[in-house]
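Because the structure is a prediction, the values reported are computed rather than measured. Counting from 1, the numbers follow the sequence of the chain as shown.
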Amino acid sequence: MSVKHNSEIKFEVGLDENKVPEEISWSAKEGGINNEASKAIMISVWDHKKKDTLRMDLWTKDMPVDDMKQFYHQTLVSMADSFERATDDQKMSATMRDFCDYFAEKLELK
């Protein structure tokens, strides 16, 4: 299989003097996104040689805690959805969604 096309997603993080994120923006030209502001990002990369996940979680210091709770909840829900698409394991996906419902209930998100 040969690569026919490349696509780029770019993140820029503005840091304060202590290297704490003040601003986050991202661009994905093919998706029509150009320098859009964000308050948080989570990136996971699979290292297939080490069989390990590399992670980068960043958020700006002015990200409200209530927004962070909602961000985590929505991320967990999307992980359950993508897990089902990737593995077709409907039983575990349903279990993950049950946890998401519990998570939302305990944080009073719904």
Side-chain angles (χ1 to χ4, degrees):
M1 196 182 319
S2 65
V3 173
K4 305 280 189 224
H5 182 77
N6 285 315
S7 182
E8 180 178 76
I9 301 170
K10 180 180 173 184
F11 294 93
E12 289 196 35
V13 181
L15 306 173
D16 69 8
E17 64 279 353
N18 297 313
K19 297 187 178 181
V20 175
E22 292 245 7
E23 299 175 345
I24 299 171
S25 64
W26 68 294
S27 299
K29 290 181 183 177
E30 286 192 26
I33 298 164
N34 186 31
N35 203 33
E36 290 288 325
S38 181
K39 295 288 182 189
I41 59 175
M42 292 182 182
I43 301 171
S44 298
V45 178
W46 178 247
D47 183 332
H48 66 281
K49 293 177 185 172
K50 294 181 182 177
K51 302 266 188 236
D52 195 11
T53 301
L54 309 172
R55 295 202 33 88
M56 179 176 25
D57 302 329
L58 297 173
W59 57 92
T60 60
K61 56 183 161 184
D62 67 341
M63 172 87 169
V65 172
D66 287 342
D67 286 0
M68 183 62 83
K69 290 176 182 180
Q70 188 171 354
F71 178 53
Y72 266 82
H73 176 257
Q74 291 176 3
T75 300
L76 291 168
V77 170
S78 68
M79 288 175 66
D81 294 342
S82 62
F83 181 80
E84 184 172 5
R85 284 192 312 274
T87 65
D88 198 32
D89 187 334
Q90 296 173 3
K91 186 175 179 181
M92 183 53 70
S93 299
T95 300
M96 291 171 71
R97 287 186 191 96
D98 287 344
F99 172 75
C100 292
D101 290 342
Y102 172 81
F103 186 91
E105 178 185 326
K106 291 299 177 184
L107 292 177
E108 299 177 352
L109 297 178
K110 291 186 177 183

Check: Near M68 CE, under 6.0 Å, is it more than 12 heavy atoms from other residues, nucleotides or ligands?
Finding: yes
Hits for side chain to side chain contact (heavy atoms under 4.5 Å, CB included) against N18, two or more places apart or cross-chain, chain-then-number order -> D16, V20
d(T60 OG1, I24 CD1) to nearest 0.5 Å is 5.5 Å
Check against side-chain contact (heavy atoms from CB on, under 4.5 Å), D89 and K91
CA-CA 6 Å; D89 187 334; K91 186 175 179 181; 3.9 Å; yes
Residues at least two apart in sequence or cross-chain that pass side chain to side chain contact (heavy atoms under 4.5 Å, CB included) with A40, listed by chain then number, are W59, M63, F71
Residue pairs meeting side-chain hydrogen bond (donor to acceptor under 3.5 Å, both in side chains), one or both in residues 43-52, sequence neighbours left out, come to S44-R55
In short, salt bridge (charged side-chain N to carboxylate O under 4.0 Å, His left out) pairs touching residues 19-31 with sequence neighbours left out are E22-K61
Query raised in the report: Sub-3.5 Å donor-acceptor pair from the side chain of S27 to the main-chain atoms of N35, do we have one?
Result: yes
Answer yes or no: is there a side-chain heavy-atom contact under 4.5 Å between W26 and I41? no
Does L15 have more than 12 heavy atoms from other residues, nucleotides or ligands lying within 6.0 Å of its CG? yes
When every non-hydrogen atom of A80 is compared with those of S93, the smallest separation belongs to O-OG, 3.7 Å
Got more than 12 heavy atoms from elsewhere within 6.0 Å of CE, M42? yes
By salt bridge (charged side-chain N to carboxylate O under 4.0 Å, His left out), E108 pairs with (sequence neighbours left out) none
Linking I/L/V/M/F/W/Y whenever any side-chain heavy atoms sit under 4.5 Å apart, do L107 and V65 land together? no
Would V13 and M56 show up in the same hydrophobic cluster when neighbours are defined by side-chain heavy atoms closer than 4.5 Å? yes
The complete set of side-chain hydrogen bond (donor to acceptor under 3.5 Å, both in side chains) pairs with one or both residues in residues 67-82, sequence neighbours excluded, reads D81-R97
CE of M96 to CG of D101, rounded to nearest 0.5 Å, is 12.5 Å
The reported gap from CG in L54 to CD1 in I43 (rounded to nearest 0.5 angstrom) is 11.5 Å
